[in-house]
Amino acid sequence: MLIFDFDGVLINSIDEVVLTTYNATTANLHTELTALPPELVSLFKRNRFHVQPIGDAIPMMQWCLKNCQSAPGRMLTPQEYHSIIADTTVALKARSDRIYKARSRFIEKDQQAWMALHRPFQPIWNKLIRSDYQPLVILTNKNKDATLRLCRFFDLKVDEMNVYPGDHGITKSQHMHRIMERFEAEAYYFIDDSVKNRKQLNEDINHGKKVLVLMLATWGYTGPDDQKLAQSCGYPVFHQQDLISLLEKQIKA
């Protein structure tokens with residue numbers, strides 16, 4: 001059974017995440033990325049791969065606001081990033097809720113502008129549409145409403161029950177347990193663009209047995225060392241064509 005992450009695997013939402021995080025951090029309600037300083041946008045995008053889960057995007061944006069003029073091309077080390085997150089005094093769930101609420105306000109104000117900030121990753125998106133792969137299961141830190149809106153807008157059919165989102169602070173590991181209890185498949189394959197997610201899922205799910213195969217999507221929000229790190233940990237590194245080949249095998253099975 002193949003399970004998909006959403007942002008960074010099926011959808012390129014980097015522009016929307018920058019703008020929504022900025023709005024959540026500053027209490028603004030901009031609907032166009034051009035309203036933000038280009039140095040700020042560039043710095044956040046450069047360090048986006050560090051952020052997981054989404055609530056941590058707020059302290060990252062706060063750091064970018066302070067440093068975008070003096071160090072617009074800087075890439076944080078993992079230690080520097082962890083220090084920024086550790087210094088925040090607001091609970092993770094509260095930060096994630098701020099992101100989701102800012103996104104909802106954005107959609108209410110101008111849904112068309114919000115949609116325009118997203119692009120499906122191709123060719124995997126169209127392959128899923130053409131093949132009508134079932135059950136299509138999405139495991140994501142994105143909120144459910146936004147995930148479903150994007151699937152419907154870009155013509156991807158997914159059952160609402162098969163979207164396991166980041167609402168209410170539920171972790172990917174907690175959702176994965178629910179997925180495995182529900183579907184009782186012989187094998188599970190999860191494609192994600194985060195090495196951090198992979199490590200946590202491996203610890204929480206596998207327990208020394210390889211029940212869940214964790215794969216890194218190279219086309220997502222990966223850092224410069226993530227492919228080597230994934231390989232050193234024994235996680236398969238996938239390009240889109242690799243994923244399409246696995247999908248075809250799943251369909252034929």
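By convention here, the first residue in the shown sequence is residue 1.
- Distance check, rounded to the nearest 0.5 Å: CZ of Phe44 to CG of Asp15 gives 11.0 Å.
- Closest heavy-atom contact between Cys68 and Glu39: O-CB, 3.5 Å.
- Residues Lys172 and Asp192 have side chains in contact (heavy-atom distance under 4.5 Å, counting atoms from C-beta outward).
- Val237 and Leu214 fall into different hydrophobic clusters, where Ile, Leu, Val, Met, Phe, Trp and Tyr are joined by side-chain heavy atoms under 4.5 Å apart, directly or via other members.
- Each of Ile205 and Val195 belongs to its own hydrophobic cluster when Ile, Leu, Val, Met, Phe, Trp and Tyr are linked at side-chain heavy-atom distances under 4.5 angstrom.
- Asn28 and Thr26 are linked by a side-chain donor-acceptor pair at a separation below 3.5 angstrom, with hydrogens and angles left out of the test.
- Using a 4.5 Å cut-off on side-chain heavy atoms (C-beta onward), Leu10 and Leu128 make contact.
- Looking at heavy atoms from C-beta onward, Trp63 lies out of side-chain contact with Ile58 at the 4.5 angstrom threshold.
- Looking at heavy atoms from C-beta onward, Asn141 lies out of side-chain contact with Asp7 at the 4.5 angstrom threshold.
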| request: Determine, step by step, whether Lys127 and Leu243 satisfy the side chain to side chain contact (heavy atoms under 4.5 Å, CB included) criterion, reporting the C-alpha distance in whole Å, the side-chain angles of both residues, the deciding distance to 0.1 Å, and the verdict. | output: CA-CA 10 Å; Lys127 178 64 178 181; Leu243 183 59; over 6 Å; no
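- Asn162 and Arg182 share a donor-acceptor pair across their side chains, judged by distance under 3.5 Å alone.
- Val9 and Ile191 make their closest contact through CG2-O, 3.8 Å (heavy atoms, listed as atom of the first residue, atom of the second, distance).
- Between the His30 side chain and the Asn23 main chain, no donor and acceptor come within less than 3.5 Å of each other.
- Hydrophobic clustering of Ile, Leu, Val, Met, Phe, Trp and Tyr side chains at less than 4.5 Å, counting indirect connections, keeps Trp219 apart from Tyr235.
- In this model, no donor atom of one side chain and acceptor atom of the other lie less than 3.5 Å apart for Gln52 and Asp56.
- Of all non-hydrogen atoms in Pro72 and Ser70, the two that sit nearest each other are CD-C, 3.6 Å.
- Here the side chain of Lys142 pairs no donor or acceptor atom with the backbone of Pro165 at under 3.5 angstrom.
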| When you look at Asp97 and Lys101, which way does the salt bridge (Lys or Arg N to Asp or Glu O under 4.0 Å) test go after all the steps? | CA-CA 6 Å; Asp97 286 346; Lys101 289 176 182 177; 5.6 Å; no
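- Looking at Asn143, its side chain never comes within 3.5 Å of a backbone N or O of Gly166 through a donor-acceptor pair.
- Rounding to the nearest 0.5 angstrom, the gap separating the CG atom in Asn12 from the CD atom in Gln122 is 11.5 Å.
- Taking the six-membered ring where the residue is Trp, Phe4 and Tyr133 present perpendicular rings, their angle passing 60° and hence far from 30°.
- Annotation: side chain of Met215 is in contact with side chain of Leu2 (closest heavy-atom distance under 4.5 Å).
- Using a 3.5 Å distance cut-off with no hydrogens or angles, the side chains of His118 and Ser13 do not pair a donor with an acceptor.
- Side-chain contact of Gln134 with Asp132: a donor-acceptor pair under 3.5 Å is present, judged by distance alone.
- Distance alone, capped at 3.5 Å, places no donor-acceptor pair between the Ser83 side chain and the Gln79 backbone.
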| field | Arg74/Glu80 under salt bridge (Lys or Arg N to Asp or Glu O under 4.0 Å): CA gap, chis, key distance, verdict | value | CA-CA 11 Å; Arg74 184 177 173 187; Glu80 289 172 331; 2.7 Å; yes
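- Thr25 contributes atom OG1, which lies 6.0 Å from atom CD1 of Ile99 (distance to the nearest 0.5 angstrom).
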| request: Kindly indicate, with the supporting measurements, whether the criterion side chain to side chain contact (heavy atoms under 4.5 Å, CB included) is fulfilled by Tyr81 and Asn47. | output: CA-CA 9 Å; Tyr81 173 74; Asn47 289 279; over 6 Å; no
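- Pairing each heavy atom of Asp193 with each of Gly8, the nearest pair is OD2-CA, 3.6 Å.
- No side-chain heavy atom of Met60 sits under 4.5 Å from any side-chain heavy atom of Arg48.
- In terms of heavy atoms, Phe154 sits closest to Trp125 at O-NE1, 2.9 Å.
- The cluster map of Ile, Leu, Val, Met, Phe, Trp and Tyr, joined by side-chain heavy atoms under 4.5 Å apart, puts Ile11 and Ile54 in the same cluster.
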| query | Yes or no on side chain to side chain contact (heavy atoms under 4.5 Å, CB included) for Cys64 and Val41, after CA distance, side-chain angles and deciding distance? | reply | CA-CA 9 Å; Cys64 290; Val41 174; over 6 Å; no
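- More than 12 heavy atoms of other residues, nucleotides or ligands lie within 6.0 Å of CD in Gln231, so this atom counts as buried by the packing criterion.
- Heavy-atom minimum distance, Ser131 versus Ile251: CB-CD1, 3.5 Å.
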| task | Any chance you could lay out the side chain to side chain contact (heavy atoms under 4.5 Å, CB included) test for Leu156 and Leu136, step after step, and finish with the verdict? | result | CA-CA 10 Å; Leu156 182 64; Leu136 175 56; 3.9 Å; yes
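- The number of heavy atoms from other shown groups lying within 6.0 Å of NZ (Lys144) is above 12.
- Of the possible donor and acceptor atoms, none in the side chain of Glu248 sits under 3.5 Å from a partner among the backbone N and O of Ser245.
- Using a 3.5 Å distance cut-off with no hydrogens or angles, the side chains of Arg105 and Tyr100 do not pair a donor with an acceptor.
- Asn126 contributes no side-chain N or O that, together with a main-chain N or O of Pro123, makes up a donor-acceptor pair within less than 3.5 Å.
- The line from CG of Asp167 to OG of Ser96 is 10.0 Å long, rounded to the nearest 0.5 Å.
- At a threshold of 4.5 Å between side-chain heavy atoms, the hydrophobic network of Ile, Leu, Val, Met, Phe, Trp and Tyr places Ile3 and Ile170 in two separate groups.
- In this structure, CG on Leu139 lies 11.0 Å from CZ on Arg178, to the nearest 0.5 angstrom.
- Residues Arg149 and Gln111 are in side-chain contact: their nearest non-hydrogen atoms beyond the backbone lie under 4.5 Å apart.
- Annotation: side chain of Thr218 is not in contact with side chain of Thr222 (no heavy-atom distance under 4.5 Å).
- Going from atom CE of Met61 over to atom OG1 of Thr20 covers 9.5 Å, rounded to the nearest 0.5 Å.
- A distance-only check finds no donor-acceptor pair linking the side chain of Glu16 to the backbone of Leu117 [under 3.5 Å].
- Between the side chain of Ser42 and the backbone N or O of Pro38, no donor-acceptor pair lies under 3.5 Å.
- For Tyr221, the OH atom is densely surrounded, since the number of other residues' heavy atoms within 6.0 Å is greater than 12.
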